[in-house]
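Heads up, the thing below is written out as structure tokens.
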Amino acid sequence: MARINYVELPVADTERAKRFYGSAFAWDFADFGPSYAATVSGDTDIGFQADPAERTKAALPVIDVENIAITLAAVQAAGGEITAPIFSFPGGQRFHFRDPDGHELAVTQTAGHASA
């Protein structure tokens, strides 16, 4: 079943975001490069994207699916606009899309799911 498992926030400074959320909520973070960090609790995690070339303008909900290729086709067939085609990242694959109301979301297939 597809579920939101991740929310990515655009931030100006990853370290500042880690300090704030770590202090406010006692969250721990893993660094995934100089401008990206995320919680890795296994529940609904939160990531911080500080790279100006990669960050979205608003929060980015991420939906976890079992088959990314089938989901990409379904999003397109339903009228979604693909804003970032399927790409790999540490732990899986992802694509971004915009829904008919203009909201940007992402879909991910983690390494634990069967290949597309």
Side-chain angles (χ1 to χ4, degrees):
M1 170 176 267
R3 67 177 186 87
I4 293 178
N5 75 328
Y6 198 81
V7 176
E8 184 174 283
L9 298 177
V11 298
D13 182 324
T14 304
E15 291 302 317
R16 182 179 66 195
K18 286 169 40 181
R19 283 191 304 274
F20 171 78
Y21 284 96
S23 177
F25 300 103
W27 290 344
D28 293 319
F29 298 91
D31 292 322
F32 295 95
S35 64
Y36 201 95
T39 62
V40 288
S41 68
D43 293 321
T44 302
D45 284 309
I46 187 168
F48 302 124
Q49 176 60 271
D51 183 339
E54 298 290 327
R55 67 182 179 223
T56 55
K57 293 181 186 200
L60 180 71
V62 181
I63 302 166
D64 186 32
V65 301
E66 290 189 18
N67 189 306
I68 198 164
I70 289 173
T71 304
L72 177 89
V75 166
Q76 289 176 310
E81 173 193 353
I82 305 304
T83 58
I86 294 173
F87 62 92
S88 294
F89 67 92
Q93 293 183 303
R94 182 164 120 173
F95 73 87
H96 295 198
F97 70 95
R98 196 167 283 117
D99 72 10
D101 289 302
H103 303 291
E104 188 169 10
L105 292 90
V107 171
T108 188
Q109 178 181 325
T110 58
H113 287 144
S115 298

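Bear in mind that the values here come from a model prediction, so they are computed numbers and not experimental data.
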Test: salt bridge (Lys or Arg N to Asp or Glu O under 4.0 Å). Region: residues 82-91. Which pairs qualify, not counting sequence neighbours?
none

Strictly by salt bridge (Lys or Arg N to Asp or Glu O under 4.0 Å), give each pair with a member in residues 47-58 just once, sequence neighbours left out.
none

When rounded to the nearest 0.5 angstrom, what is the spacing between [atom1] in [X] and [atom2] in [Y]?
| X | Y | atom1 | atom2 | answer |
| --- | --- | --- | --- | --- |
| I46 | L60 | CD1 | CG | 11.5 Å |
| R98 | I82 | CZ | CD1 | 10.5 Å |
| Y6 | D43 | OH | CG | 13.5 Å |
| S23 | K18 | OG | NZ | 14.0 Å |
| Q109 | L72 | CD | CG | 11.5 Å |
| I4 | D64 | CD1 | CG | 11.0 Å |

With sequence neighbours left out, write down each residue that passes side chain to side chain contact (heavy atoms under 4.5 Å, CB included) with [X], or none if nothing qualifies.
| X | result |
| --- | --- |
| A74 | none |
| A73 | none |
| A58 | none |

Looking at residues at least two apart in the chain, or sitting in another chain, which of them share a side-chain hydrogen bond (donor to acceptor under 3.5 Å, both in side chains) with [X]?
| X | answer |
| --- | --- |
| T39 | D45 |
| D99 | none |
| R94 | E8, H96 |

Among I68, I86, N5, exactly one meets side-chain contact (heavy atoms from CB on, under 4.5 Å) together with T108. Which residue is that?
N5

Do you know which two heavy atoms are closest between T14 and A50, and how far apart they sit?
OG1-CB, 3.1 Å

List the atom of Y36, the atom of A38, and the distance in Å for their closest heavy-atom pair.
CE2-CB, 4.1 Å

side-chain contact (heavy atoms from CB on, under 4.5 Å) for V11 and F20? Distances and angles first, verdict last.
CA-CA 12 Å; V11 298; F20 171 78; over 6 Å; no

For F29, give me all partners under ring-ring contact (aromatic ring centres under 6.0 Å, His included), at least two apart in sequence or on another chain.
F48

Residue pairs fulfilling side-chain hydrogen bond (donor to acceptor under 3.5 Å, both in side chains) with at least one residue in residues 69-92, sequence neighbours excluded
T83-E104

Treat each ILVMFWY residue as a node, draw an edge where side-chain heavy atoms are under 4.5 Å apart, and state whether V65 and V62 are in one component.
no

Check whether any side-chain heavy atom of V75 sits under 4.5 Å from a side-chain heavy atom of L105, and report yes or no.
no

